[in-house]
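Notes to accompany the following structure.
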Amino acid sequence: MPDIESTNPRTLGRAICIITGASKGFGRALAHKVSCLLEPGSVLVLVARSGTLLQGLKEELQSFTEELQLVVHCMAVDLSTTEGVNETVMLVRQEAENDIDHVLLINNAASLGNITQFASFTNPDEVNDYLSFNVSSALVLTAGILQVFQCRPELQRSVVNISSLFAQQALQSWVLYCTAKAARKMMFKVLAEEEPNVKVLSYSPGPMDTEMQQDIWRLTGVCHNLMPCQESAAKLMTLLLDNNFSSGAHIDFFDD
Ligand code: NAP
């Protein structure tokens with residue numbers, strides 16, 4: 001069942017919403033929340049590598065939102081590649097002719113990378129591959145989408161960066177993850193400075209029960225107190241609907 005009541009009068013508008021990393025975890029929970037807040041005729045673009053998982057999600061969403069005439073596209077692409085990013089932008093361009101009043105891009109996809117001591121990163125290819133997916137592809141995808149949807153009256157443009165506590169806090173052995181999240185935070189602050197007509201938010205979702213956390217547990221033996229993804233996704237939706245944050249802000253799930 002949809003978890004945001006249909007009586008909620010607030011919506012994200014007649015929107016095109018692109019969610020990266022939508023096949024699992026937090027991205028999947030976001031797809032559920034967002035789809036309940038879209039107006040009829042909206043378009044949802046779900047991006048991840050696993051086409052089977054995306055297709056399953058599309059069927060779930062369409063069974064809940066039949067009356068919305070929601071168009072759902074599954075983009076089974078690898079965002080660590082130029083082709084994956086370009087194909088996603090091309091698909092969005094095809095939808096740009098639709099009469100929409102909001103474009104919402106949620107840069108959620110990310111990877112954990114190798115969790116090990118700084119001094120062991122002697123292979124530049126490993127570091128470059130990590131940063132290419134976790135930093136560069138989010139920049140290039142966002143730039144591509146903003147080029148498709150240039151500033152025009154009556155069009156709201158919102159960009160969300162899914163961040164982490166580790167964008168701001170250093171942690172031993174987490175050099176790749178911390179570096180990428182810190183770089184993304186700054187990258188999206190620059191976007192907010194440059195583009196006053198784009199509403200930019202970096203959102204740190206808190207510790208959630210996902211495959212990424214299972215990997216953390218397997219690799220480090222550290223087990224956090226985890227919340228369901230839906231809880232943090234609901235907070236992000238409230239932030240977007242209230243729209244009270246300053247563009248470029250970094251907001252944590254635990255912030256008031
Ligand atoms: P997750 O369970 O590992 O899911 C990651 C998502 O990204 C999956 O849908 C995965 O789908 C997709 N993805 C991974 N590599 C990809 C690639 N090369 N191309 C396209 N898609 C790719 O992670 P999560 O825990 O939901 O994390 C979501 C976001 O929240 C991340 O930015 C993470 O850093 C952040 N975050 C998570 C936590 C937490 O506690 N879980 C805490 C703070 C921040 P495919 O495998 O199908 O490609």
Side-chain angles (χ1 to χ4, degrees), residues 18-34 44-58 73-89 91 105-113 115 128-142 159-169 171 174 176-185 187-188 201-220 222-233 235-236 250-255:
I18 305 109
I19 304 175
T20 69
S23 63
K24 310 172 201 164
F26 189 50
R28 197 175 178 104
L30 287 174
H32 273 272
K33 294 284 182 198
V34 163
L44 192 54
V45 180
L46 308 170
V47 191
R49 290 167 301 181
S50 167
T52 314
L53 291 177
L54 290 179
Q55 193 56 38
L57 173 61
K58 174 178 175 170
H73 290 290
C74 298
M75 282 300 292
V77 295
D78 184 343
L79 288 173
S80 70
T81 66
T82 304
E83 300 75 47
V85 175
N86 288 347
E87 279 175 40
T88 306
V89 174
L91 175 94
L105 168 61
I106 306 184
N107 287 291
N108 166 72
S111 61
L112 209 48
I115 301 178
N128 289 339
D129 286 351
Y130 184 82
L131 295 177
S132 171
F133 168 48
N134 287 282
V135 181
S136 312
S137 85
L139 168 55
V140 174
L141 178 66
T142 305
V159 175
V160 177
N161 165 39
I162 299 305
S163 187
S164 161
L165 176 65
F166 300 125
Q168 331 216 67
Q169 186 178 304
L171 182 65
W174 285 64
L176 291 184
Y177 191 83
C178 291
T179 301
K181 289 299 190 191
R184 282 169 66 130
K185 179 186 166 206
M187 191 166 94
F188 286 101
L201 173 65
S202 283
Y203 175 67
S204 167
M208 303 173 293
D209 189 4
T210 67
E211 275 186 22
M212 188 177 275
Q213 281 289 350
Q214 288 170 16
D215 290 341
I216 294 170
W217 183 73
R218 185 173 48 79
L219 294 168
T220 68
V222 174
C223 183
H224 294 105
N225 211 354
L226 304 176
M227 71 177 130
C229 292
Q230 296 85 326
E231 201 175 328
S232 187
K235 166 116 185 192
L236 175 56
H250 190 275
I251 300 179
D252 192 277
F253 173 79
F254 296 104
D255 291 347

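We're numbering straight along the sequence, starting at 1. As the structure is a prediction and not an experimental result, all values here were calculated from the model. Start at 1 and go down the list; that is how both ligands and their atoms are numbered.
Contacts of Arg28 with ligand 1, taken as heavy-atom pairs under 4.0 Å, are absent altogether. At a 4.0 Å heavy-atom cut-off, ligand 1 does not touch Cys229 at all.
Interface atoms of ligand 1 facing Lys24, defined by a heavy-atom separation under 4.0 Å, are 9 (O), 46 (O). The distance from ligand 1 to the heavy atoms of Pro207 drops below 4.0 Å at these ligand atoms: 40 (O). Within ligand 1, counting atoms from 1 as listed, the ones closer than 4.0 Å to a heavy atom of Val77 are 19 (N), 20 (C).
Nearest non-hydrogen protein atom to atom 35 (C) of ligand 1 is Ile162 CG2, 3.8 Å. Of the protein's non-hydrogen atoms, the one nearest atom 23 (O) of ligand 1 is Met212 CB, 3.6 Å. Scanning the protein heavy atoms around atom 18 (N) of ligand 1, the nearest turns out to be Asp78 OD1, 2.8 Å. The protein non-hydrogen atom at the shortest distance from atom 5 (C) of ligand 1 is Ala110 O, 4.1 Å. For atom 16 (C) of ligand 1, the nearest non-hydrogen atom of the protein is Phe133 CZ, 3.3 Å. For atom 44 (C) of ligand 1, the nearest protein heavy atom (residue, atom name, distance) is Ser163 O, 3.2 Å. In terms of protein heavy-atom proximity, atom 21 (N) of ligand 1 is closest to Ala48 CA, 3.6 Å. At the top of the distance list for atom 34 (O) of ligand 1, counting protein heavy atoms only, stands Tyr177 OH, 2.5 Å.
In this structure, the side chains of Arg49 and Ser23 stay at 4.5 Å or more apart for every pair of heavy atoms.
Backbone and side-chain nitrogen or oxygen atoms of Leu79 are examined, and one is located within less than 3.5 angstrom of a nitrogen or oxygen of ligand 1. Checked by distance only, ligand 1 and Met208 come closer than 3.5 Å through their nitrogen or oxygen atoms. Among the atoms of Ser23, some N or O lies under 3.5 angstrom from an N or O of ligand 1. Considering backbone and side-chain N/O of Phe26, one or more are found under 3.5 Å from N/O of ligand 1. Residue Gly27 has no nitrogen or oxygen atom sitting less than 3.5 Å from a nitrogen or oxygen atom of ligand 1, judged on distance alone.
Contact between Val85 and Ser137 at its shortest, heavy atoms only, is CG2-CB, 4.0 Å.
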